[in-house]
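Down below is the structure, laid out as structure tokens.
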Number of protein chains: 2
Amino acid sequence: MDSSDDGELDSAFLALADPVRRRIISRLSRGPATVNELAEPFAITKQAVSKHIQVLEQAQLVTRTRDAQRRPVHLNPARLEALTAWIGQYRLVREEQFRSLDAVLQSNAAARGTQAKESS
Amino acid sequence: MDSSDDGELDSAFLALADPVRRRIISRLSRGPATVNELAEPFAITKQAVSKHIQVLEQAQLVTRTRDAQRRPVHLNPARLEALTAWIGQYRLVREEQFRSLDAVLQSNAAARGTQAKESS
DNA sequence: CCTTTGATCAACCTATTGGTTGTTAACGCT
DNA sequence: AGCGTTAACAACCAATAGGTTGATCAAAGG
């Protein structure tokens, strides 16, 4: 359950680790758009944007349909949910995490006397 | 609001775009651990794991405290929430997205006759 | 038919990533 | 003091990512 869809998470997180691609996602959330439309706000070539879209497509964050010579790009919200699902696992442990952190700090301090933090 | 913390999102998503680092996050959700403990389940050197932790630290997904010569690594759940927050923006638009997608497909089909999808 | 528009493919360059080995620093133990 | 452990730092290497230019393909439209 943790390492089964490693590749999927890899590509999805990697795809979002770029401001251009996040911008594209943001724009697509307002509706489908073509490569040219998506490339317009950026100072890079359309080819570069096309590559970015390929990355998003491989990550299954977007899909493309054919409409004559246009290739509209559509957002695939399901993949975004998969990411929140992964992160959500660890949000659940949050309070427990704080407790255990506290416990460890205290036990360490107790075990070694008063030299807890760095002295400079 | 969208591009203000680009760098932060960059580093955070990039940090999670690696199975080793996600594994580390997963392990840290069960409590703090040292580099050696974190490195144990992996077939790579401790130095490599140390680098991964540096990446996670730069992304502020984890923090480190000093305890003598040990440097326990702790999860920082706040950063994870920042990611879900970003993704959440677009989850909100989901139903609207589906509507607009539908609208575009229909308008396209109507505008060009019946040659909607690819033929083969 | 030929041109324009939309988008991809291919080759190439540079910077960064993930990994290695080797060395060095801080601390604990006896 | 000297040894072993924990972890970081530095230099290096192979692979990949992001970007460019130039050529090509496919569909619309004169």
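Numbered from 1 within each chain, the chains take letters A, B, ... in sequence-line order.
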Starting at [atom1] of [X] and ending at [atom2] of [N], how long is that distance when rounded to a whole Å?
| X | N | atom1 | atom2 | answer |
| --- | --- | --- | --- | --- |
| Asp67(A) | dA27(D) | CG | P | 12 Å |
| Leu56(A) | dA17(D) | CG | P | 13 Å |
| Gln58(B) | dT17(C) | CD | C1' | 13 Å |
| Leu14(A) | dA15(D) | CG | P | 19 Å |
| Arg64(B) | dT6(D) | CZ | P | 15 Å |
| Gln54(A) | dG18(D) | CD | P | 12 Å |

Lys/Arg-Asp/Glu bridge criterion (N-O < 4.0 Å) met for Asp18(A), Arg23(A):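 A salt bridge is absent here (no side-chain N lies under 4.0 Å from a carboxylate O).
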
Ion pair present between Arg79(A) and Glu8(A), side-chain N to carboxylate O less than 4.0 angstrom?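 A salt bridge links Arg79(A) with Glu8(A).
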
Side-chain N,O ([X]) to OP1/OP2 ([N]) below 4.0 Å:
| X | N | result |
| --- | --- | --- |
| Ser50(B) | dA7(D) | no |
| Arg70(B) | dT5(D) | no |
| Gln69(A) | dT4(C) | no |
| Arg71(A) | dA26(D) | no |

Within the side chain of [X], is there an N or O that forms a donor-acceptor pair under 3.5 Å with the backbone of [Y]?
| X | Y | result |
| --- | --- | --- |
| Asn76(A) | Gln60(A) | yes |
| Arg21(A) | Leu14(A) | yes |
| Arg71(A) | Asp67(A) | no |
| Ser50(A) | Lys46(A) | no |

Residue Glu37(A) excluded, over 12 heavy atoms near CD under 6.0 Å: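 Result for CD/Glu37(A): enclosed.
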
Which residues in residues 35-42 of chain A have at least one heavy atom lying under 4.0 Å from any atom of DNA chain C?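 Contacts with DNA chain C under 4.0 Å: Val35(A), Asn36(A).
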
How many angstroms lie between CD in Glu57(A) and NZ in Lys51(A), if you round to the nearest 0.5 Å?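 That separation rounds to 15.5 Å.
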
Choosing from dA7(D), dA8(D), dA17(D), which nucleotide comes nearest the side chain of Thr34(B)?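 Among the listed nucleotides, the one closest to the side chain of Thr34(B) is dA7(D).
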
Short heteroatom pairs, N/O only, protein and nucleotides 19-21 of chain D, under 3.5 Å:
unit_1: dG19(D); atom_1: OP2; unit_2: His52(A); atom_2: NE2; d: 2.2
unit_1: dG19(D); atom_1: N7; unit_2: Lys51(A); atom_2: NZ; d: 3.3
unit_1: dG19(D); atom_1: O6; unit_2: Lys51(A); atom_2: NZ; d: 2.3
unit_1: dT20(D); atom_1: OP2; unit_2: Thr45(A); atom_2: N; d: 2.9
unit_1: dT20(D); atom_1: OP2; unit_2: Thr45(A); atom_2: OG1; d: 2.8

Linking Ile, Leu, Val, Met, Phe, Trp and Tyr through side-chain heavy atoms less than 4.5 Å apart, which residues share a cluster with Val55(B)?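 Members alongside Val55(B): none; it stands by itself.
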
